[in-house]
Structure formats: structure tokens, C-alpha cells
Amino acid sequence: MKKLLFVPLILFTLIISACQEQPMIPAVPAPVLIAVAPFNQPTHDAQLLAGYIPSEQGLATLEELARYTEILQERLAKTHRQYVFLTPDDLNVTIQKDSKDRANVLATWAKIAQDKGADYILVPQIIEHEEKYGVGGDVYSPARLISDFYFIKAIHPTTESKDGFLQARSHYKEISFIQVHVSGEDYVTPRQRQNIVYFVHEAINKMIREFHLTLQ
């Protein structure tokens with residue numbers, strides 16, 4: 001049995017139409033119930049809804065993913081929408097087949113939402129993760145973070161298919177390199193001195209803004 005989070009898919013289905021990135025989406029009506037998956041980190045391209053896995057991927061620990069999930073949930077609570085927060089166990093499911101009998105990651109996320117009675121599911125994924133190396137101003141390598149947030153409608157809005165519909169993707173990338181002065185000394189910016197959790201906060205805030213999740 002293939003699992004969504006921990007085991008790579010044998011069959012990788014390209015979801016072409018669903019993976020078109022839309023940086024801004026119309027405001028989601030309220031009230032709706034939004035399932036929120038915990039942060040997870042795909043390690044194989046077959047587990048992705050879009051993009052690719054870096055050739056030398058930095059991995060977050062389970063403790064770090066749990067911490068980021070807590071930050072996400074606390075931030076979402078301030079948007080005053082109705083959420084159901086999922087656990088890692090909710091992600092340990094068999095990969096679903098879509099209406100065309102193909103193994104399909106999108107259909108799997110949609111099924112998870114449907115099982116919770118949710119209208120949408122928010123899927124946060126860490127793609128690249130490296131904490132900064134160094135202490136204080138002595139930074140030898142800045143933190144690196146690539147993340148994606150997917151906003152999936154559980155039932156396709158036009159066809160009413162249970163395969164789901166990828167409504168939007170919020171992509172975040174923070175990768176920088178220390179510059180060297182002509183004197184030979186490294187120049188480290190204030191941003192490069194930040195721990196990776198600073199960029200996790202940025203990525204979450206960017207997603208909330210782009211997905212119009214905050215209710216006035």
C-alpha cells in the first residue's frame with residue numbers, strides 16, 4: 001500500500017491543469033470549513049502537486065515540522081475562519097485513484113478533506129530546509145527555505161468530481177549567499193542572520209494574504 005506522506009508513489013500522475021499557479025484568488029466565501037494539513041515534506045517528485053525536489057534536499061526534523069504546524073495553526077486562528085486541524089496520522093493514507101483510475105495525489109488530498117466534511121483543504125509543504133550555520137553575526141551559511149501551500153477544493157466546482165480542484169498555490173523561496181567584499185571579508189546582511197523560523201512566518205503570512213483568508 002502506498003502512503004501519501006512517507007512512501008513514494010509507484011505511479012506518478014502529472015496534474016497539468018490543476019498545477020497552474022494562481023498567485024491571487026477570489027475571496028473564499030464564509031462560512032466554509034477548511035481542513036488544514038500539518039506541515040509535511042515530500043522527498044520524491046511523485047509526492048508533489050507541482051515543482052520538483054532539489055537534488056540535495058535539506059530535510060526538516062519531525063520536531064521542526066511540528067513547530068511550524070503550531071505556528072501555522074496559531075496564525076490561521078487569527079483569520080476567524082472555521083478550520084479543522086489535521087494530524088500526521090490523517091496523512092498516513094493509501095494513495096487514491098481518481099475517476100480515470102489513476103493514482104492521483106490531488107484526489108488523495110481531496111478525499112482527506114471530504115472525509116472530514118471540509119469544503120477545502122490547505123496543504124503546507126516544506127521543499128527545501130536548511131537552518132543557518134553560525135552564531136550571531138558569525139554566519140557562514142544563511143538559512144534556506146522553499147515552501148509551497150496548496151489550497152484545494154474538495155469537490156470540483158464545475159464538474160462536481162470528487163477528484164478535487166487545485167484552486168491556488170502560494171510559493172515561497174528564501175535562498176541567499178554571503179557576499180565577499182574586495183577586502184576579502186564576508187558581508188552578512190541582517191536578513192541572513194535570521195533563523196529559519198523567521199522565514200516560515202513570512203511564508204505563512206504571504207500565503208494568508210494571497211489566499212485572502214483573513215475575514216474583516
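For this chain, numbers begin at 1 and follow the sequence in order. Note that the structure is predicted; figures quoted are calculated from it, not measured.
- Residues Phe211 and Val28 share a hydrophobic cluster, clusters being chains of Ile/Leu/Val/Met/Phe/Trp/Tyr side chains in contact below 4.5 Å.
- Between Glu210 and Lys206 there is a salt bridge, since at least one side-chain N of the basic residue sits less than 4.0 Å from a carboxylate O of the acidic one.
- Put simply, the side chain of Leu48 does not reach to within 4.5 Å of the side chain of Asp148, judged on heavy atoms.
- Note that the CG atom of Leu145 and the CD atom of Glu202 stand 9.5 Å from one another [nearest 0.5 Å].
- Hydrophobic clustering places Phe177 together with Ile146 (ILVMFWY residues linked when any side-chain heavy atoms are closer than 4.5 Å, directly or through intermediates).
- A salt bridge is absent between Glu128 and Lys173; no separation between the charged side-chain nitrogens and carboxylate oxygens falls under 4.0 Å.
- Between the Gln47 side chain and the Thr43 main chain, a donor and an acceptor come within less than 3.5 Å of each other.
- Ser141 contributes no side-chain N or O that, together with a main-chain N or O of Tyr133, makes up a donor-acceptor pair within less than 3.5 Å.
- Here His212 and Phe151 keep their ring centres 6.0 angstrom or further from each other.
- When all heavy atoms are compared, the tightest approach of Ser161 to Ser99 is OG-OG, 4.5 Å.
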| request: Just do the side chain to side chain contact (heavy atoms under 4.5 Å, CB included) check on Val188 and Asp138 with the steps written out, would you? | output: CA-CA 8 Å; Val188 182; Asp138 295 327; over 6 Å; no
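- Salt bridge annotation for Arg75-Glu70: absent, with no cationic side-chain nitrogen under 4.0 angstrom from a carboxylate oxygen.
- The main-chain N or O of Thr158 is found under 3.5 Å from a side-chain atom of His156 such that the two form a donor-acceptor pair.
- Using a 4.5 Å heavy-atom cutoff, the side chains of Ile53 and His44 are not in contact.
- Put simply, CG on Leu76 and CD1 on Ile204 are 7.5 Å apart, with the number rounded to the nearest 0.5 Å.
- For CZ of Arg81, the number of neighbouring non-hydrogen atoms (other residues, nucleotides, ligands) closer than 6.0 Å is greater than 12.
- Linking Ile, Leu, Val, Met, Phe, Trp and Tyr whenever their side-chain heavy atoms come within less than 4.5 Å leaves Leu59 and Val197 in two separate clusters.
- Taking CG of Leu72 as the reference point, atom CG of Leu65 lies at 12.0 Å (rounded to 0.5 Å).
- Counting heavy atoms from C-beta outward, Trp109 and Leu49 have side chains that approach closer than 4.5 Å.
- Residues Tyr68 and His129 bring a donor and an acceptor atom of their side chains to less than 3.5 Å of each other.
- Residues Ala110 and Ala154 approach most closely at CB-O, 3.6 Å, considering heavy atoms.
- In this structure a side-chain-to-backbone donor-acceptor pair under 3.5 Å is missing from Gln96 to Asp163.
- Of all heavy-atom pairs between Thr69 and Phe39, the closest is OG1-N, 2.9 Å.
- For Glu131 (side chain) and Pro142 (main-chain N/O), no donor-acceptor pair under 3.5 Å exists by modelled atom type.
- Of the inter-residue distances, the one linking Gln194 atom CD with Lys132 atom NZ reads 7.5 Å to the nearest 0.5 angstrom.
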| query | For Ile155 and Gln114, what are the C-alpha separation, side-chain angles and deciding distance, and is it a side chain to side chain contact (heavy atoms under 4.5 Å, CB included)? | reply | CA-CA 8 Å; Ile155 305 294; Gln114 293 159 18; 3.7 Å; yes
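- Between the side chain of Asn104 and the main chain of Leu106, a donor-acceptor pair closer than 3.5 Å is present.
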| request: For the pair Thr189 and Arg193, evaluate side chain to side chain contact (heavy atoms under 4.5 Å, CB included) and give the outcome as yes or no after the intermediate values. | output: CA-CA 7 Å; Thr189 68; Arg193 293 189 175 96; over 6 Å; no
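- Within the model, atoms CZ of Phe149 and OG of Ser147 stand 4.5 Å from one another, a figure rounded to the nearest 0.5 Å.
- No side-chain donor from either of Tyr150 and Gln125 sits under 3.5 Å from a side-chain acceptor of the other.
- Of the charged side-chain nitrogens involved, at least one lies within less than 4.0 Å of a carboxylate oxygen, so that Lys116 and Asp90 count as a salt-bridged pair.
- Tyr120 carries Lys153 over the face of its six-membered ring, with the cationic atom under 6.0 Å from the centre and within 45° of the normal.
- Checked by atom type and distance alone, the side chain of Asp119 pairs as donor or acceptor with a backbone atom of Leu33 at under 3.5 Å.
- Distance check: Ile126 CD1 to Gln57 CD gives 10.0 Å after rounding to the nearest 0.5 Å.
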| field | Ile34 and Ile121: CA distance, side-chain angles, deciding distance, side chain to side chain contact (heavy atoms under 4.5 Å, CB included) verdict | value | CA-CA 5 Å; Ile34 302 172; Ile121 184 169; over 6 Å; no
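- The main-chain N or O of Ala107 is never found under 3.5 Å from a side-chain atom of Asp98 such that the two would form a donor-acceptor pair.
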| message | Could you go through Glu174 and Arg191, starting from their C-alpha distance and side-chain angles, then the distance that decides it, and tell me whether this counts as salt bridge (charged side-chain N to carboxylate O under 4.0 Å, His left out)? | response | CA-CA 10 Å; Glu174 175 60 35; Arg191 185 172 179 84; 2.9 Å; yes
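- Clustering ILVMFWY residues whenever any of their side-chain heavy atoms sit less than 4.5 angstrom apart, transitively, puts Tyr140 in a cluster other than the one holding Ile196.
- The side-chain heavy atoms of Met207 and Leu122, taken from C-beta on, include a pair separated by under 4.5 Å.
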